[in-house]
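The figures that follow rest on heavy atoms only: side chains count, while hydrogens, waters and symmetry mates do not. What you see is a predicted model, and the numbers here were worked out from it, not measured in a lab.
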Amino acid sequence: AFVSGFTGSVGTALVLADGPARLWTDGRYFLQASQQLPKDWELMRMGVEGTPKLQDWLASNLRRGQVVGIDPNVHPAQFTLDLRKQLKDGGVTLKCLEQNPVDAVWGR
């Protein structure tokens, strides 16, 4: 909720240096997320035809040389390994952060 305003228990936020932020969540939270997200956020409706998976969106929209930072403590190991490979194929680096950036802002 700190970053996006979304209080549901299932969601992955993508915050970029440029462009709108996005939140991926499943059908249980579409209504809640659409009501809670700021207007400049894009709701990515998981499981809906035409909505790319997070990793596919990253691979298709990031440019060679860019870096993606993730908190490895909140993503399954296999997801992280698969994402690293998929991004590497496009020249994008995946960096596992030592501290969650939200926790850093909160001072934890």
Side-chain angles (χ1 to χ4, degrees):
F2 178 75
V3 172
S4 67
F6 175 64
T7 61
S9 61
V10 176
T12 301
L14 172 65
V15 179
L16 304 169
D18 56 349
R22 291 167 174 79
L23 177 82
W24 273 260
T25 194
D26 66 37
R28 296 171 293 171
Y29 297 100
F30 290 170
L31 179 61
Q32 180 181 348
S34 67
Q35 293 172 343
Q36 292 180 336
L37 288 175
K39 298 295 181 215
D40 58 344
W41 278 66
E42 184 176 349
L43 174 58
M44 306 300 283
R45 292 173 170 85
M46 292 167 47
V48 172
E49 188 173 337
T51 300
K53 293 179 179 179
L54 170 66
Q55 57 270 36
D56 295 335
W57 190 95
L58 290 168
S60 297
N61 288 278
L62 298 182
R63 298 178 308 277
R64 184 172 296 282
Q66 287 188 292
V67 177
V68 174
I70 67 166
D71 179 349
N73 297 307
V74 298
H75 297 282
Q78 193 59 55
F79 171 85
T80 303
L81 294 170
D82 293 345
L83 179 59
R84 175 172 279 139
K85 181 185 180 327
Q86 187 172 0
L87 294 177
K88 184 178 179 183
D89 291 346
V92 175
T93 301
L94 181 67
K95 180 176 181 179
C96 291
L97 304 174
E98 292 183 21
Q99 183 178 21
N100 182 301
V102 173
D103 292 344
V105 171
W106 275 352
R108 289 185 177 175

side-chain contact (heavy atoms from CB on, under 4.5 Å) assessment of T12 paired with V74: CA-CA 10 Å; T12 301; V74 298; over 6 Å; no
Go through it in stages, so that I can follow the logic: the residues are T93 and L87, the test is side-chain contact (heavy atoms from CB on, under 4.5 Å), and I'd like the CA-CA distance, side-chain angles, deciding distance and then a yes or no. CA-CA 6 Å; T93 301; L87 294 177; over 6 Å; no
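Annotation: the span from L43 atom CG to S4 atom OG amounts to 10.5 Å, rounded to 0.5 Å. Note that OH of Y29 is 14.0 Å distant from OG of S34, once rounded to the nearest 0.5 Å.
Judged as a side-chain hydrogen bond (donor to acceptor under 3.5 Å, both in side chains), and not counting sequence neighbours, the contacts of Q78 are D82. D89 pairs by the salt bridge (charged side-chain N to carboxylate O under 4.0 Å, His left out) definition with K85, not counting sequence neighbours. Partners of S60 according to the side-chain hydrogen bond (donor to acceptor under 3.5 Å, both in side chains) rule, which considers only residues two or more places apart in sequence or in another chain, do not exist here. Every residue two or more places apart in sequence or in another chain was checked for a side-chain hydrogen bond (donor to acceptor under 3.5 Å, both in side chains) with Q55, and none qualifies. In this structure, the side chain to side chain contact (heavy atoms under 4.5 Å, CB included) partners of N100, at least two apart in sequence or on a different chain, are D71, V102, D103.
Sequence neighbours left out, not one pair with a member in residues 44-58 passes salt bridge (Lys or Arg N to Asp or Glu O under 4.0 Å). Here ring pair (Phe, Tyr, Trp, His ring centres under 6.0 Å) pairs that include residues 36-55, with residues two or more places apart or in two chains, number zero. Applying the ring pair (Phe, Tyr, Trp, His ring centres under 6.0 Å) definition to pairs two or more places apart or across chains, those involving residues 64-84 are H75-F79.
Residues L58 and V15 fall into different hydrophobic clusters, defined by Ile, Leu, Val, Met, Phe, Trp and Tyr side chains chained together at heavy-atom separations under 4.5 Å. Transitive grouping of hydrophobic side chains (ILVMFWY, heavy atoms separated by less than 4.5 Å) brings L14 and M46 into a common cluster.
Side chain of T80 to main chain of P76: a donor-acceptor pair is present (N/O by atom type, distance under 3.5 Å, no hydrogens or angles).
With a 4.5 Å cut-off between side-chain heavy atoms of Ile, Leu, Val, Met, Phe, Trp and Tyr, the cluster of F30 takes in V48. Here L31 is tied to no hydrophobic group at all, with no ILVMFWY side chain closer than 4.5 Å.
When only modelled atom types and interatomic distance are considered, T7 and Q36 share a side-chain donor-acceptor pair under 3.5 Å.
The two residues R84 and C96 have their closest heavy-atom pair at NH2-SG, 3.8 Å. Nearest heavy atom pair, residue G8 against residue Q32, reads N-NE2, 3.2 Å.
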Identify each donor-acceptor pair in which a side-chain atom of residues 61-70 lies under 3.5 Å from a protein atom, sequence neighbours left out, and give them as a table.
| residue | atom | partner | partner atom | Å |
| --- | --- | --- | --- | --- |
| N61 | ND2 | W57 | O | 2.8 |
| Q66 | OE1 | R63 | N | 2.6 |

Tabulate below the donor-acceptor pairs under 3.5 Å that side-chain atoms of residues 20-27 make, not counting sequence neighbours, or state none.
| residue | atom | partner | partner atom | Å |
| --- | --- | --- | --- | --- |
| R22 | NE | E42 | OE1 | 3.3 |
| R22 | NH1 | P20 | O | 2.8 |
| R22 | NH2 | E42 | OE1 | 3.4 |
| W24 | NE1 | P52 | O | 2.8 |
| T25 | OG1 | V10 | O | 2.5 |
| D26 | OD1 | R28 | N | 3.1 |
| D26 | OD1 | R28 | NE | 3.1 |
| D26 | OD2 | R28 | NE | 3.3 |
| D26 | OD2 | R28 | NH2 | 2.6 |

